[in-house]
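Contents: one structure, followed by commentary.
Every number for a ligand or one of its atoms is a count from 1 in the order of the listing.
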Amino acid sequence: MEWFTDDNVNKFCSRDTTFISKEDAMQYIADVVIPHPWYRAICLNDKPIGSIYVSSFHGSHICRGEIRYEISSKYLGKGIATKAVKMVGSTIFVDWPHLARLEGVVAVDNIGSQRVLEKTGCVLRKYYHVKGKPIDIAMFSLLSTDQ
Ligand SMILES: CC(C)(COP(=O)(O)OP(=O)(O)OC[C@H]1O[C@@H](n2cnc3c(N)ncnc32)[C@H](O)[C@@H]1OP(=O)(O)O)[C@@H](O)C(=O)NCCC(=O)NCCS
């Protein structure tokens, strides 16, 4: 409830879930958090104040994991997200040895989150497997709306 009901957090999150009641939260924990392959609470003095999780890709992208995180806005700007991302960086490659790269994608207007990832050294290295090895790539894009 601490961060899922926080509009300052929700505005940057892709999920549409907002909780009204404790039952909503319990249902989300049962349906999403517990079955998730790698989902953790971010705790301060044993109190959960945020969450952090990693999802893995499949096929030729198996070497990549995507990290996401959120923290109650009461605790922002104290370096907590940066520390949590670093802690995940030091454990995820042990927990999931198939990963060569942990990455984060961030909305262009989410400057705080970009700063967190900059500080932890994430920049498209080791992006996909070619002949059994993760290689670095450059990415370009053309959109349906481009002239
Ligand atoms: C992004 C988020 C996790 C940051 O948490 P946090 O604990 O405040 O992060 P940290 O304190 O470790 O670092 C934040 C950095 O961004 C900077 N920052 C924050 N907002 C900023 C802004 N609007 N403009 C410039 N810098 C900003 C802080 O100054 C700090 O940098 P510094 O240490 O060099 O001073 C938190 O704001 C959040 O939960 N946001 C909503 C969910 C979200 O965006 N999740 C990520 C989706 S990709």
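Counting only heavy atoms of the protein, atom 11 (O) of ligand 1 lies nearest to Gly79 N, 2.7 Å. The protein heavy atom nearest to atom 22 (C) of ligand 1 is Ile111 CB, 3.9 Å. At the top of the distance list for atom 15 (C) of ligand 1, counting protein heavy atoms only, stands Arg115 CG, 3.4 Å. Residue, atom and distance of the protein heavy atom nearest to atom 5 (O) of ligand 1 are Ala81 CB, 3.3 Å. Closest to atom 32 (P) of ligand 1, if we only count protein heavy atoms, is Lys119 NZ, 3.8 Å. Atom 18 (N) of ligand 1 has its closest protein heavy atom at Gly112 CA, 3.6 Å. Looking only at protein heavy atoms, the nearest one to atom 38 (C) of ligand 1 is Ile71 N, 3.9 Å.
For atom 40 (N) of ligand 1, the protein comes within 4.0 Å by no heavy atom at all. Of the protein's heavy atoms, none falls inside 4.0 Å of atom 28 (C) of ligand 1. There is a protein heavy atom closer than 4.0 angstrom to atom 20 (N) of ligand 1. When distances from atom 35 (O) of ligand 1 to the protein are checked, no heavy atom turns up under 4.0 Å.
Contact of the Val9 side chain with the Ile71 side chain is not registered, since no non-hydrogen atoms from C-beta on lie closer than 4.5 Å. No side-chain heavy atom of Ser21 sits under 4.5 Å from any side-chain heavy atom of Met26. Looking at Val105 and Arg68, their side chains come closer than 4.5 Å, going by heavy atoms from C-beta outward. Considering only heavy atoms from C-beta on, Glu103 stays 4.5 Å or farther from Ile67 through its side chain. Looking at Asp109 and Phe12, their side chains come closer than 4.5 Å, going by heavy atoms from C-beta outward. Side-chain contact between Ile80 and Tyr69: absent, with no pair of heavy atoms (C-beta onward) separated by less than 4.5 Å.
The shortest separation from a heavy atom of Gly104 to ligand 1 is not under 4.0 Å, leaving the residue out of contact. At least one heavy atom of Lys78 sits less than 4.0 Å from an atom of ligand 1. Put simply, no part of Val85 is less than 4.0 Å from ligand 1, judged by heavy atoms.
In summary, the atoms of ligand 1 found under 4.0 Å from a heavy atom of Asn110, numbered by their order in the structure, are 43 (C), 44 (O). Each of the following atoms of ligand 1 lies closer than 4.0 Å to a heavy atom of Gly77: 6 (P), 8 (O), 11 (O). Set against the non-hydrogen atoms of Val105, the atoms of ligand 1 under 4.0 Å away are 48 (S). Contact atoms of ligand 1 toward Tyr69: 3 (C), 42 (C), 43 (C), 45 (N), 46 (C) (distance under 4.0 Å to a heavy atom of the residue). Near Leu76, the atoms of ligand 1 lying under 4.0 angstrom from a non-hydrogen atom of the residue are 5 (O), 8 (O), 36 (C), 37 (O). Heavy-atom contacts of Phe12 reach the following atoms of ligand 1: 43 (C), 44 (O) (cutoff under 4.0 Å).
Proximity of Thr82 to ligand 1, defined as any heavy-atom pair under 4.0 Å, is shared by backbone and side chain alike. With a heavy-atom cut-off of 4.0 Å, Trp3 does not touch ligand 1 at all.
Hydrophobic clustering places Phe4 together with Met1 (ILVMFWY residues linked when any side-chain heavy atoms are closer than 4.5 Å, directly or through intermediates).
Between Tyr39 and Tyr53, the ring-plane angle classifies as parallel under the 30° and 60° cut-offs.
Of the inter-residue distances, the one linking Ile92 atom CD1 with Arg40 atom CZ reads 7.5 Å to the nearest 0.5 angstrom. Rounding to the nearest 0.5 angstrom, the gap separating the CD atom in Glu118 from the CD1 atom in Ile111 is 9.0 Å.
Applying the 6.0 Å contact sphere to NE2 of His98 captures more than 12 heavy atoms from other residues, nucleotides or ligands.
Of all the heavy atoms in Ser73 and Asn8, the pair that sits closest is OG-ND2, 3.3 Å. When all heavy atoms are compared, the tightest approach of Trp96 to Ser56 is CZ3-CB, 3.6 Å.
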